[in-house]
Amino acid sequence: MDILPADLPYSQLYFPYGSFELIYYVHNPGIMQYIGSAETFSQPSLFYTGQFTKPFFLRFDKPCKCFGISFKPWAGNLLYNIPSKEFTNSMVPVDDLDRDDELSNKLMLLQNNEDIFSLLERYVLKKIVTSNMDEASAAIAQSIINNTSTSDVNEIIAAIGLSRRRIEQRFLASTGLTIGAFNNKIRFQKATFLLQNNFTGESLTQLGYEAGYYDQSHFISEFKKYAAVTPSIFSKQKTELKDFISSLL
């Protein structure tokens with residue numbers, strides 16, 4: 001991401017989506033503010049972040065260059081072998097997670113975009129431990145992404161052969177969210193996709209049903225928790241981030 005002088009001042013409303021991310025700001029990290037809070041704070045220069053469950057503004061008053069690597073929503077604990085719930089709604093400086101590698105110092109010596117991304121890529125490939133992948137949690141998460149039907153998810157859970165409590169614990173460790181919260185978040189992402197691609201002019205009620213909401217009231221109230229606006233207002237807004245969220249499905 002490049003924020004150029006001509007773009008300033010730049011402010012973007014960010015909606016929750018399902019990726020874990022390794023983020024590096026070459027210079028001038030964003031100023032972050034959760035919706036409904038008066039507090040603002042600067043993002044770290046190099047950090048690992050979990051899933052967000054609430055919207056926030058990100059503001060830039062100076063030119064900025066940022067690199068990021070995204071991880072699947074069930075792969076949050078593969079990089080540092082720390083339960084993913086520790087990163088939910090958090091941005092943890094990499095120096096606090098990995099004091100031995102000195103990644104931030106190495107990055108500061110680089111200016112070329114390809115060199116920076118190559119170093120980040122090598123770091124991830126060196127650190128990631130695929131044997132920590134919880135296949136059961138990945139299957140449940142993928143099933144929810146494919147179809148938010150509760151019955152389908154329950155069938156997968158029953159086939160795993162563990163108690164519901166144990167499966168919930170493993171799912172939380174892998175994704176950082178409960179199965180119910182993850183389902184709600186994916187439902188929101190599906191709704192954003194449908195709102196973005198409503199070429200046939202379907203009603204909000206119909207779009208809500210297609211996304212998995214019970215009725216229009218449920219659609220509006222749940223959608224506002226993640227977007228801070230109603231589906232109707234959201235559908236009229238034009239931002240690059242909305243296209244990005246939709247592309248994650």
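Source: prediction; values computed, not measured.
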Do the ring centers of Phe56 and Tyr14 come within less than 6.0 Å of each other? yes
Measuring centre to centre across the rings, with the benzene-like ring taken for any Trp, is Phe87 within less than 6.0 Å of Phe20? no
Beyond-backbone contact of Tyr24 with Leu22, side-chain heavy atoms, under 4.5 angstrom: no
Salt bridge or not between Lys127 and Asp101? Use side-chain N to carboxylate O under 4.0 Å. no
Any carboxylate oxygen within less than 4.0 angstrom of a Lys/Arg side-chain nitrogen, looking at Glu222 and Lys225? yes
Donor-acceptor under 3.5 Å ([X] side chain, [Y] main chain):
X: Asn89; Y: Thr53; answer: yes
X: Asp7; Y: Tyr10; answer: no
X: Gln51; Y: Thr175; answer: yes
X: Gln33; Y: Ser37; answer: yes
X: Lys190; Y: Ile145; answer: yes

What distance do [X] atom [atom1] and [Y] atom [atom2] have between them, rounded to the nearest 0.5 Å?
X: Leu177; Y: Glu168; atom1: CG; atom2: CD; answer: 11.0 Å
X: Glu210; Y: Leu194; atom1: CD; atom2: CG; answer: 5.5 Å
X: Glu202; Y: Asn197; atom1: CD; atom2: CG; answer: 11.0 Å
X: Ser84; Y: Phe71; atom1: OG; atom2: CZ; answer: 11.0 Å

When you look at [atom1] of [X], are more than 12 heavy atoms from neighbouring residues, nucleotides or ligands closer to it than 6.0 Å?
X: Gln142; atom1: CD; answer: yes
X: Met108; atom1: CE; answer: no
X: Lys224; atom1: NZ; answer: no
X: Lys62; atom1: NZ; answer: no

Should the pair Phe117 and Phe67 be assigned to parallel (<30°), tilted (30 to 60°) or perpendicular (>60°) ring geometry? tilted
Scan side-chain atoms only and decide if Tyr123 and Asp98 contain a donor-acceptor pair under the 3.5 Å cut-off. yes
Among side-chain atoms of Gln216 and Thr205, is any donor-acceptor pair under 3.5 angstrom? yes
Would you name the heavy atoms of Ile23 and Tyr25 that are closest together and state the gap between them? CG2-CE1, 4.0 Å
Kindly give the heavy-atom pair with the smallest separation between Pro16 and Tyr226, and that separation in Å. CD-O, 2.9 Å
Mind running ring-ring contact (aromatic ring centres under 6.0 Å, His included) on Tyr213 and Phe223 for me, showing each step along the way? CA-CA 10 Å; Tyr213 295 96; Phe223 191 91; 7.5 Å; no
